[in-house]
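One structure is given below, encoded as structure tokens.
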Amino acid sequence: MTTRTRPARPAEAASPPSRANLDVAVGLTLYRWMGLSRAIEDKLHIMKRQGRLPGRLVTGRGQEAIPVGAALALAAHDIVCPLHRDLGANLVKGITPEEFLRSYLWKIGHPSEGRDSDVHIGDIKRGIYPMISHLPDSWPVALGFGMASTHMKLGRVTLAFCGDGATSTGAWHETLNMSGLFRTPNIWVIENNKYAYSTPLAKQYAAKSLASRGAAYGMPGIEVDGNDALAVYAVVKEAVDRARAGGGPTLIEAHTMRVEGHAVHDDAAYVPKALIAEWKARDPITLLRDRLLLAHVDQPSLSEIDEANKRLVEDAVTAAEAAPMPDPAGMEHEVYAPAEAASWMLLPRRA
Ligand SMILES: Cc1ncc(C[n+]2csc(CCOP(=O)(O)OP(=O)(O)O)c2C)c(N)n1
């Protein structure tokens, strides 16, 4: 029987606060995006309780350091494939708070124009491949982006996220196998938040770590403290530089904790309270705030960022709530291929 040494406990994963290695400009940028992501999701929870939000609500509160830190390490022309806990990556790559709110409210004025909703947002023109519900089926697509970049010499790196649960699927392993084989310019980020819905890690896999699987596919497997945004940024940046230089893919396991239920309807009664409390004490935004204060960034500057984020969210909510619903007449627009294209496929082949 394999002895499980993971999940990483907060104390084990913690990086000591230090002034020496802190890039204040990067730290402030991370702080701004993480704060914006948190402010939007806090507001969504309030709106849900007030009956102002249709449909479901899934958030990534407490995990913001991973999507924000990772997306910030990408260049503008790189591609990101966010999932349901990765609002921060969408924001960094250019989805506005108002577009996101409009998506949650099923309104027009965002990339899917009300045909898809909530976290299913993205815009390929901005290098964001929208979420596919089946997990992690955006990974084989990300692999395709990587292969295309190599063959067409595009110099683009593609980064895809998934949770620990998604690593048990066939698509996940097939993707990594081909990625290692063809040395594609991909960054594969696992957000190990210790639970896949109600299933804890001990009931998911026997390996010592998920990062250790990188060796099986011929790529580096790296573990990082996923609540330390600066550490996530640094690890992903190094992997992006390596991929762009032709050094192939990297598998990154970022340790964090899902400190809430899977979604708003789930009270997570199956998670030990002490485990949640332990990780809540290492909230990634508070950790970064403390690091910035230690580096002599003053309190008012950080509070100004917090206030600006709150104003952005309030303005976005006002605009999104006032926006119209989609016109049902346009329901099929950009959903199906034109009829001619489909019927052409059925024509008998010419001799
Ligand atoms: C192939 C597949 N099976 C089941 C689901 C239903 N489902 C949605 S989220 C989820 C939990 C996924 O856990 P994990 O990958 O660890 O991500 P987390 O939600 O913890 O961030 C499940 C089972 C799905 N979307 N796709």
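Ring pair Phe145/Tyr129 is perpendicular by interplanar angle, where above 60° counts as perpendicular and below 30° as parallel.
Atom-to-atom distance recorded for Lys48:NZ and His45:NE2 is 10.0 Å, nearest 0.5 angstrom. Separating the CG atom in Leu53 from the OH atom in Tyr104 is a distance of 7.0 Å, to the nearest 0.5 Å. Here CE of Met34 is found 12.0 Å from OG1 of Thr29. Values are rounded to the nearest 0.5 Å. Expressed to the nearest 0.5 Å, how far CD1 of Ile79 lies from OG of Ser149 amounts to 7.5 Å. Atom CD of Glu260 sits about 8.5 Å away from atom CG of Leu57, to the nearest 0.5 Å. Here the CG atom belonging to Leu176 is positioned 12.0 Å from the CG atom belonging to Leu181, to the nearest 0.5 angstrom.
Think of Ile108 as one node in a network of Ile, Leu, Val, Met, Phe, Trp and Tyr side chains linked at under 4.5 Å; it has no links at all. Under a 4.5 Å side-chain heavy-atom cut-off, the cluster of Ile, Leu, Val, Met, Phe, Trp and Tyr residues that includes Met325 is completed by Trp106.
Contact detail for Ser301 and Asp298: the closest heavy-atom pair is OG-OD1, 2.9 Å. Leu83 and Cys162 make their closest contact through CD1-CA, 3.6 Å (heavy atoms, listed as atom of the first residue, atom of the second, distance). Of all heavy-atom pairs spanning Gly226 and Val232, the tightest one is CA-CG2, 3.9 Å. Between Gly62 and Glu64, the closest heavy-atom pair is N-OE1, 2.9 Å. Of all non-hydrogen atoms in Lys203 and Thr199, the two that sit nearest each other are CB-CG2, 3.8 Å. The heavy-atom pair separating Ala207 from Ser212 by the smallest distance is CB-OG, 4.3 Å.
Not a single ring-ring contact (aromatic ring centres under 6.0 Å, His included) links Tyr31 to another residue, sequence neighbours left out. Asp290 is linked by a salt bridge (charged side-chain N to carboxylate O under 4.0 Å, His left out) to nothing, counting only residues two or more places apart in sequence or in another chain. The side chain to side chain contact (heavy atoms under 4.5 Å, CB included) test applied to Arg213 returns Thr167, Trp172, His173, Tyr205, Leu210, Leu251, not counting sequence neighbours. Leu312 is linked by a side chain to side chain contact (heavy atoms under 4.5 Å, CB included) to Leu36, Asn309, counting only residues two or more places apart in sequence or in another chain.
In this structure a side-chain-to-backbone donor-acceptor pair under 3.5 Å is missing from Gln63 to Gly60. With hydrogens and angles disregarded, no donor-acceptor distance shorter than 3.5 Å links the side chain of Ser37 to the backbone of Trp33. Here the side chain of Glu253 pairs a donor or acceptor atom with the backbone of Ala211 at under 3.5 angstrom. Checking side-chain atoms of Arg115 against main-chain N and O of His333 turns up a donor-acceptor pair under 3.5 Å. Formation of a donor-acceptor pair under 3.5 Å by the Arg244 side chain with backbone atoms of Gly155 is found in this model. At distances below 3.5 Å, at least one donor-acceptor pair connects side-chain atoms of Asn227 with backbone N or O atoms of Arg282. In this structure, Trp139 contributes its side chain and Ala166 its backbone to no donor-acceptor pair below 3.5 Å. In terms of modelled atom types and a separation under 3.5 Å, the side chain of Arg126 and the main chain of Ile128 share no donor-acceptor contact. With hydrogens and angles ignored, the 3.5 Å screen pairs no side-chain donor or acceptor of Glu98 with any backbone N or O of Ala320.
Using a 4.5 Å cut-off on side-chain heavy atoms (C-beta onward), Ile252 and Trp188 make no contact. The shortest side-chain heavy-atom distance between His120 and Ser103 does not fall under the 4.5 Å cut-off. Val119 is listed as a side-chain neighbour of Met131, based on a closest heavy-atom distance under 4.5 Å. Residues Pro111 and Ile95 meet the side-chain proximity criterion, which asks for heavy atoms closer than 4.5 Å. Contact of the Glu321 side chain with the Met47 side chain is registered, since non-hydrogen atoms from C-beta on lie closer than 4.5 Å. Proximity of Thr158 to Ile187: side-chain heavy atoms (C-beta onward) are nowhere separated by under 4.5 Å. The side-chain heavy atoms of His110 and Ser112, taken from C-beta on, include a pair separated by under 4.5 Å. Using a 4.5 Å cut-off on side-chain heavy atoms (C-beta onward), Leu87 and Thr59 make no contact.
Salt-bridge annotation for Asp241 and Lys237: present, with a side-chain N of the basic residue lying under 4.0 Å from a carboxylate O of the acidic one. Using a 4.0 Å cut-off between charged nitrogen and carboxylate oxygen, Asp86 and Lys93 do not count as a salt-bridge pair. With respect to Asp164 and Lys194, no salt bridge is recorded, no charged nitrogen being found less than 4.0 Å from a carboxylate O. A salt bridge between Glu191 and Arg85 is absent, with no side-chain N of the basic residue lying under 4.0 Å from a carboxylate O of the acidic one. Remark: Glu307 engages Lys310 in a salt bridge, criterion side-chain N to carboxylate O under 4.0 Å. Using a cutoff of 4.0 Å between basic side-chain nitrogens and carboxylate oxygens, Arg291 and Asp228 are scored as salt-bridged. Salt bridge status for Glu304 with Arg32: absent, with no side-chain N to carboxylate O gap under 4.0 Å.
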Carefully, step by step, assess Leu302 and Leu28 under the rule side-chain contact (heavy atoms from CB on, under 4.5 Å). CA-CA 8 Å; Leu302 296 177; Leu28 284 171; 3.8 Å; yes
| field | side-chain contact (heavy atoms from CB on, under 4.5 Å) between Glu278 and Leu275, intermediate numbers included | value | CA-CA 5 Å; Glu278 225 175 326; Leu275 186 60; 4.2 Å; yes
Practice problem: In sequence, state the C-alpha distance, the side-chain angles, and the governing distance for Met257 and Val271, and then conclude on side-chain contact (heavy atoms from CB on, under 4.5 Å). | Solution: CA-CA 11 Å; Met257 176 72 201; Val271 181; 3.6 Å; yes
Q) Can you check side-chain contact (heavy atoms from CB on, under 4.5 Å) on Val259 and Asp283, steps first, answer last? A) CA-CA 10 Å; Val259 290; Asp283 181 86; over 6 Å; no
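Note on Val58 and Ile46: separate hydrophobic clusters, where clusters join Ile, Leu, Val, Met, Phe, Trp and Tyr whose side-chain heavy atoms are under 4.5 Å apart, directly or indirectly. Both Leu74 and Val92 belong to a common hydrophobic cluster when Ile, Leu, Val, Met, Phe, Trp and Tyr are linked at side-chain heavy-atom distances under 4.5 angstrom. Follow the hydrophobic side-chain contacts under 4.5 Å out from Leu293 and you reach Leu230 in the same cluster. Under a hydrophobic-cluster definition in which Ile, Leu, Val, Met, Phe, Trp and Tyr are linked whenever side-chain heavy atoms come within less than 4.5 Å, directly or via other members, Val189 and Val240 are assigned to the same cluster. Under a hydrophobic clustering in which Ile, Leu, Val, Met, Phe, Trp and Tyr are joined whenever their side-chain heavy atoms come within less than 4.5 Å, directly or via other members, Leu72 and Leu22 fall into the same cluster.
The only member of Leu143, Thr184, Asn186 that meets side chain to side chain contact (heavy atoms under 4.5 Å, CB included) when paired with Met178 is Leu143. For the side chain to side chain contact (heavy atoms under 4.5 Å, CB included) with Ser179, the lone residue among Pro249, Pro185, Pro140 that qualifies is Pro249.
Other residues, nucleotides and ligands place more than 12 heavy atoms under 6.0 Å from the CD atom of Glu113. No more than 12 heavy atoms of other residues, nucleotides or ligands lie within 6.0 Å of NE2 in His134, so this atom counts as exposed by the packing criterion.
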